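What follows is one structure encoded as structure tokens, with my remarks underneath.
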Amino acid sequence: MQQVQVQFPARLVKSLSLSSLPATSNLQQIASSQPKGVAKVVLKKGKTQLFKNGSPMVYSGAVDRIIGRPPPRTGDVVLVTDGTEKPIAWGLYNSVSMFCVRLMQLDEEVPWDPSCALNMERLLEMRIDAAIELRRRLGLPSANTNAYRLVNSEGDRLSGLIVDVFGESAVIASSAAWVEKHKPEIEAYICKVCDIKHVKWRPSVEILKEEGLDLSDLKETDPSTYPERTKVLENGISYAISMEGQKTGFYADQRENRQFISTISSGQKVLDICCYSGGFSLNAIRGGAVNVTGVDTSLPAVELAGENIVLNNVDPERITFLREDATEYMRHALARNESWDIVILDPPKLAPRRKGAASMAQKKITVVRQAGAACDHPVDPSYPEGTYLSNILLRVL
């Protein structure tokens, strides 16, 4: 039986007495034994504790200086140190991104498994094993659910990597340069330990641009290696999934929220805005809703939702999916004085993510104002980046 190395949260590790652990080399000693040496990213005064406490990414603004000849390149392993150059952690460097280092292991954690120190391949295996074990303890997969998120980026301490499992298929979403660099190892290990037969690689192109990657180097997964569609179960409800659909093809991280909707829908009239493939709508029907309307601008999404009605033998008189702009639909609904008992809002953002460059400031204000204008309602430019349709609609309603 394969052993799984349990990873404790950074704050818990700090509270443990390391004297009870086997004596071992610290990061500085391990780094000194490396034939090529390891570059150091030295933090500014007052920034160290933030990362000791578990913050997973070192922003460029927290860095005082970089020590290394030659300087580290994107994807290289580096030590992150305090102002005295004492290592507090190691991680993966990026010379372009606002995330200068994505931390992988704290110095305090090295005694638990020194084989992972400065060794990305070994650490990948250990973190994925821990993620698998955690899901098994949560009952995933099960007879009623074979669609779930196996690796959840920072949640599983693999910042920039998401893995969603759909039966015998897996979709791997990449949003960090290091993930692209280790693509072969990630794919091979996921297939090996999860009995996965098909893998779809989904790079987040816009984010990877900010990571400094040449997009011409990103190789698309050969379509012949994975099915275009697959069918899964989640909490006993069947779904058709398009491997080319939004994000990873299915919002596996919304499983508990979808199930919650089923517990409050009995006898209710439900509206599901930006419904995608109908996950919330189908759970509302399962929970006894008298009528459900789903709205989405995407024709492929509405077609998937229609397939899911058939898959679950739902009475089409109780559920309808419409291809329509959400804002226009709500305007017309207001004009008709239409109302619902439950309204589900799960929209995409209307404004882009905040950029690090100051030159983006005025552009951001313009975009946010345009987002507000989508509902003829002003939005304060100081609103947090990523103004969502739900903010606007709730103001209108």
Side-chain angles (χ1 to χ4, degrees), residues 128 131-132 135 140-142 144-153 156 158 160-176 179-180 182-208 213 215 217-255 257-258 274-283 294 296-312 321 323 346 348:
I128 292 172
I132 291 170
R135 273 66 181 178
L140 297 169
S142 70
N144 291 321
T145 299
N146 65 354
Y148 60 99
R149 180 149 295 175
L150 175 64
V151 177
N152 190 30
S153 195
D156 290 295
L158 288 172
L161 174 65
I162 285 176
V163 181
D164 282 350
V165 173
F166 305 130
E168 294 182 340
S169 300
V171 178
I172 301 176
S174 158
S175 60
V179 178
E180 292 295 322
H182 292 276
K183 177 179 177 179
E185 299 97 308
I186 294 169
E187 284 190 344
Y189 200 67
I190 290 292
C191 290
K192 174 184 174 183
V193 297
C194 297
D195 295 324
I196 295 296
K197 294 180 172 56
H198 311 286
V199 172
K200 168 67 175 174
W201 192 269
R202 296 284 298 262
S204 300
V205 174
E206 293 304 315
I207 298 176
L208 290 174
L213 290 192
L215 299 185
D217 293 338
L218 300 181
K219 296 180 179 178
E220 289 291 327
T221 307
D222 182 355
S224 66
T225 64
Y226 61 89
E228 182 180 342
R229 294 281 183 98
T230 189
K231 294 178 182 178
V232 299
L233 274 175
E234 183 192 76
N235 295 324
I237 297 177
S238 298
Y239 295 92
I241 292 178
S242 169
M243 304 291 270
E244 301 292 342
Q246 297 174 19
K247 296 297 181 80
T248 63
F250 188 69
Y251 293 90
D253 55 333
Q254 292 288 339
R255 181 182 64 256
N257 290 334
R258 285 189 284 263
C274 304
C275 64
Y276 188 46
S277 59
F280 284 105
S281 297
L282 291 166
N283 275 274
D296 203 286
T297 58
S298 167
L299 178 59
V302 172
E303 289 175 342
L304 268 179
E307 285 186 41
N308 291 333
I309 291 177
V310 177
L311 276 177
N312 291 281
F321 291 111
R323 184 195 181 193
D346 188 19

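We use all heavy atoms of the structure for the numbers below, so side chains are in, but hydrogens, waters and symmetry mates are not. These figures come from a predicted structure and were not determined experimentally.
Scored by the ring-ring contact (aromatic ring centres under 6.0 Å, His included) test, Phe321 finds no partners at all (sequence neighbours excluded). For Leu233, the side-chain contact (heavy atoms from CB on, under 4.5 Å) partners two or more places apart in sequence, or in a different chain, are Asn146, Ser238. For Ala173, the side-chain contact (heavy atoms from CB on, under 4.5 Å) partners two or more places apart in sequence, or in a different chain, are Ile162, Thr248.
Between Arg255 and Glu234, none of the side-chain N atoms (NZ, or NE/NH1/NH2) sits under 4.0 Å from a carboxylate O, so this pair counts as no salt bridge. Between Lys200 and Asp164 there is no salt bridge, since no side-chain N of the basic residue sits under 4.0 Å from a carboxylate O of the acidic one.
Side-chain N or O atoms of Asn308 include one that pairs as donor or acceptor with a backbone N or O of Ser277 at under 3.5 Å. With hydrogens and angles ignored, the 3.5 Å screen pairs no side-chain donor or acceptor of Arg149 with any backbone N or O of Val163. Side-chain atoms of Ser204 never come within 3.5 Å of backbone atoms of Ile207 as a donor-acceptor pair (strictly under, hydrogens ignored). Without hydrogens or angle criteria, Arg323 side chain to Thr297 main chain gives a donor-acceptor distance under 3.5 Å. Judged purely by atom type and a 3.5 angstrom limit, Ser281 has no side-chain atom pairing as donor or acceptor with the backbone of Gly294. Side chain of Asp296 to main chain of Ser298: a donor-acceptor pair is present (N/O by atom type, distance under 3.5 Å, no hydrogens or angles). A distance-only check finds a donor-acceptor pair linking the side chain of Arg135 to the backbone of Leu150 [under 3.5 Å].
Partner of Ile132 under the side chain to side chain contact (heavy atoms under 4.5 Å, CB included) criterion, chosen from Leu140, Val151, Val193: Val193.
Note that CG of Asp253 and NZ of Lys247 are 8.0 Å apart. Values are rounded to the nearest 0.5 Å. In this structure, the separation between CD1 on Ile172 and NZ on Lys183 is 9.0 Å, given to the nearest 0.5 Å. Note that CG of Asn235 and OG of Ser142 are 7.5 Å apart. Values are rounded to the nearest 0.5 Å. Note that CE of Met243 is 8.0 Å distant from NE2 of His198, once rounded to the nearest 0.5 Å.
Here the side chains of Leu208 and Ser174 are in contact, with some heavy-atom distance below 4.5 Å. Contact of the Tyr276 side chain with the Gln246 side chain is registered, since non-hydrogen atoms from C-beta on lie closer than 4.5 Å. Ile237 has its side chain within reach of Asn312: a pair of non-hydrogen atoms, C-beta onward, lies under 4.5 Å apart. In this structure, Glu307 and Arg229 have side chains that are in contact, with non-hydrogen atoms separated by less than 4.5 Å.
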(request) Give the C-alpha distance, both sets of side-chain angles, the deciding distance and a yes or no for side chain to side chain contact (heavy atoms under 4.5 Å, CB included) between Ile128 and Leu158. (result) CA-CA 9 Å; Ile128 292 172; Leu158 288 172; 4.2 Å; yes

(request) Determine, stepwise, if the pair Phe280 / Asn257 fulfils side chain to side chain contact (heavy atoms under 4.5 Å, CB included). (result) CA-CA 8 Å; Phe280 284 105; Asn257 290 334; 3.9 Å; yes

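With a 6.0 Å radius and a threshold of 12 heavy atoms from other residues, nucleotides or ligands, Glu168 has its CD atom at or below the threshold.
Relative ring orientation between Phe250 and Phe166 is described as perpendicular, the plane-to-plane angle rising above 60° on a 0-90° scale split at 30° and 60°.
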